[in-house]
Amino acid sequence: MFYINQMACSNIMNKNSSIYIAGHGGLIGSALLRKLSTEGFENILVRARSELDLLNYHCVMDFFCKNKPEYVVLAAGKVGGIESNQNYPADFIVENIQIQLNILSAARENNVRKLIFFGSSCMYPRDCKQPMSENDLLTGKPEGTSLPYAIAKLAGIHTCLAYNKQDGNQRFVPVIPNSVYGPNDNFDARAGHVLSALISKFHKAKLEEHPKVVLWGTGSARREFVHADDVADACMHLLFNDISSLELPVNLGSGYDVSIKDLALRIAKLSGFNGDIHWDLAKPDGSPQKLLNSARINAIGWFPKVSLDDGLLSTYEWYVREIGRSLTENEGEST
Ligand SMILES: NC(=O)c1ccc[n+]([C@@H]2O[C@H](COP(=O)([O-])OP(=O)(O)OC[C@H]3O[C@@H](n4cnc5c(N)ncnc54)[C@H](OP(=O)(O)O)[C@@H]3O)[C@@H](O)[C@H]2O)c1
């Protein structure tokens, strides 16, 4: 175990470094873009999907050859909750494998200094002992509802580790965040992750004065949430410190979990919804608990800064400001 201080960080950090954020419009990518901009980075590379389709190997390679980014954060991919994973399993495995292979191989070919790749807590065995440590990966079968996504992510982690081993460096840094939330999340009640889906469901129910909200499962499953601003902060820590002796991959969590029922009650309260919550027991819960052991990243001096209550409040306020107001005009039936 070792600790890296701010001196070590500032030795490597250069505000002129070119940093490519793949997926800069998404939840994690937009948080990193905000943070880099706030901290005065001047050479941030971003491309919309319409300008650069990451599924196209030739376009990706051409972009890397022309722009030669020094640092890359791969925050692009096919992401979604239980329902979209069940409806589009082939898209989840194929698109994620294609995007990560295109970017990792182009990064290696063009001598990128460091790249962050995001795995997922879905990769851990369904019945993994808690909290889950990096060494628990591949000790059992992941939860079935997101298996194709989990396999794509495991392939990505192992592509990073294999390149590092073959090349004798730590260029590729695989990071495993638990459930991320914040501004620019997907708030679609059907396609989004649980936290963002709950925000949109309760907000809509409150606006339209529905007497009840129906939620999937029993509410007993426990989840750990990490704010996108903390993920961005951790990315900077990993990119701009010497992490050559850090064992990879590295978990990234807040350190504590809550039941879905507890989460639902907190969000219902935030939204001002006073009706009933009905739990649809015919729908799956997913894994009973998903809590990461984040000791590796804590040991290099990184800790989360955003509490769940503060993060929920700011995310809810962002949602109401940016999306929630137009709901009654655009949508029909609620939960
Ligand atoms: N969210 C979480 O809870 C979580 C947890 C662990 C790991 N991760 C991983 O972290 C990464 C980022 O997640 P996120 O939640 O920030 O995702 P997100 O909000 O869905 O954003 C994904 C981004 O990828 C872009 N993208 C997807 N396919 C593309 C393509 N073919 N060409 C160009 N751009 C493409 C999207 O562009 P469009 O806007 O055009 O669609 C979007 O900007 C993913 O690899 C995810 O698996 C996420």
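Start at 1 and go down the list; that is how both ligands and their atoms are numbered.
- Atom numbering of ligand 1 starts at 1 in the shown order; those under 4.0 Å from a heavy atom of L52 are 32 (N), 33 (C).
- Residue G119 has at least one heavy-atom neighbour below 4.0 Å for each of these atoms of ligand 1: 6 (C), 7 (C).
- For ligand 1, the atoms closer than 4.0 angstrom to any heavy atom of G23 are 23 (C), 24 (O), 43 (O).
- For atom 26 (N) of ligand 1, a protein heavy-atom neighbour is found at a distance under 4.0 Å.
- Closest protein heavy atom to atom 16 (O) of ligand 1: I28 N, 2.8 Å.
- Selection from N178, I116, D53 by nearest heavy atom to atom 30 (C) of ligand 1 gives D53.
- Proximity of K153 to ligand 1, defined as any heavy-atom pair under 4.0 Å, is confined to the side chain (atoms from C-beta onward).
- What you find for A228 and A31 is that their closest heavy atoms are O-CB, 3.5 Å.
- Residue contacts with ligand 1 for E95 are absent, since no atom lies close enough (heavy atoms, distance under 4.0 Å).
- Nearest protein neighbour of atom 21 (O) of ligand 1, counting heavy atoms only, is G26 CA, 3.3 Å.
- In this structure, E70 CD and S17 OG are separated by 4.5 Å, a value rounded to the nearest 0.5 Å.
- To the nearest 0.5 Å, atom OG of residue S37 and atom CD1 of residue I44 are 4.0 Å apart.
- Ring-plane geometry between F187 and Y319 is classed as tilted, the angle between the planes lying from 30 to 60 degrees on a 0 to 90 degree scale.
- Of the heavy atoms in S179, only backbone atoms (N, CA, C, O) come closer than 4.0 Å to ligand 1.
- Among R49, R223, H24, the residue whose heavy atom lies nearest to atom 36 (C) of ligand 1 is R49.
- For ligand 1, the atoms lying closer than 4.0 Å to a non-hydrogen atom of H193 are 1 (N), 2 (C), 3 (O).
- Across the listed options Y181, F118, F225, F92, F118 owns the non-hydrogen atom lying nearest to atom 9 (C) of ligand 1.
- Relative orientation of the F41 and F240 rings is parallel, given thresholds of 30° and 60° on the angle between their planes.
- By the criterion of a heavy-atom distance under 4.0 Å, the side chain of Y149, and not its backbone, is placed next to ligand 1.
- With a heavy-atom cut-off of 4.0 Å, V79 touches ligand 1 through its side chain alone.
- Looking at R47 and N67, their side chains come closer than 4.5 Å, going by heavy atoms from C-beta outward.
- Checked against the 6.0 Å centroid threshold, Y316 and H203 count as a close aromatic pair.
- Applying the 4.0 Å criterion to heavy atoms of L55 picks out, from ligand 1, the atoms 31 (N).
- No side-chain donor-acceptor contact under 3.5 Å links N96 and K78.
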* Would K212 and D276 satisfy salt bridge (charged side-chain N to carboxylate O under 4.0 Å, His left out), going step by step from the backbone distance to the final call? -> CA-CA 4 Å; K212 73 172 181 185; D276 292 331; over 6 Å; no
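- At a threshold of 4.5 Å between side-chain heavy atoms, the hydrophobic network of Ile, Leu, Val, Met, Phe, Trp and Tyr places V194 and I82 in two separate groups.
- Ligand 1 places these atoms under 4.0 Å from at least one heavy atom of A76: 23 (C), 24 (O), 25 (C), 26 (N), 45 (O).
- Protein heavy atom closest to atom 3 (O) of ligand 1, with residue, atom name and distance, is V180 N, 2.8 Å.
- The closest protein non-hydrogen atom to atom 22 (C) of ligand 1 is A75 O, 3.7 Å.
- In this structure, atom 34 (N) of ligand 1 lies nearest to the protein heavy atom L54 CD1, 3.8 Å.
- The side-chain heavy atoms of P249 and R296, taken from C-beta on, include a pair separated by under 4.5 Å.
- Side-chain atoms of Q100 do not come within 3.5 Å of backbone N or O of K153 as any donor-acceptor pair.
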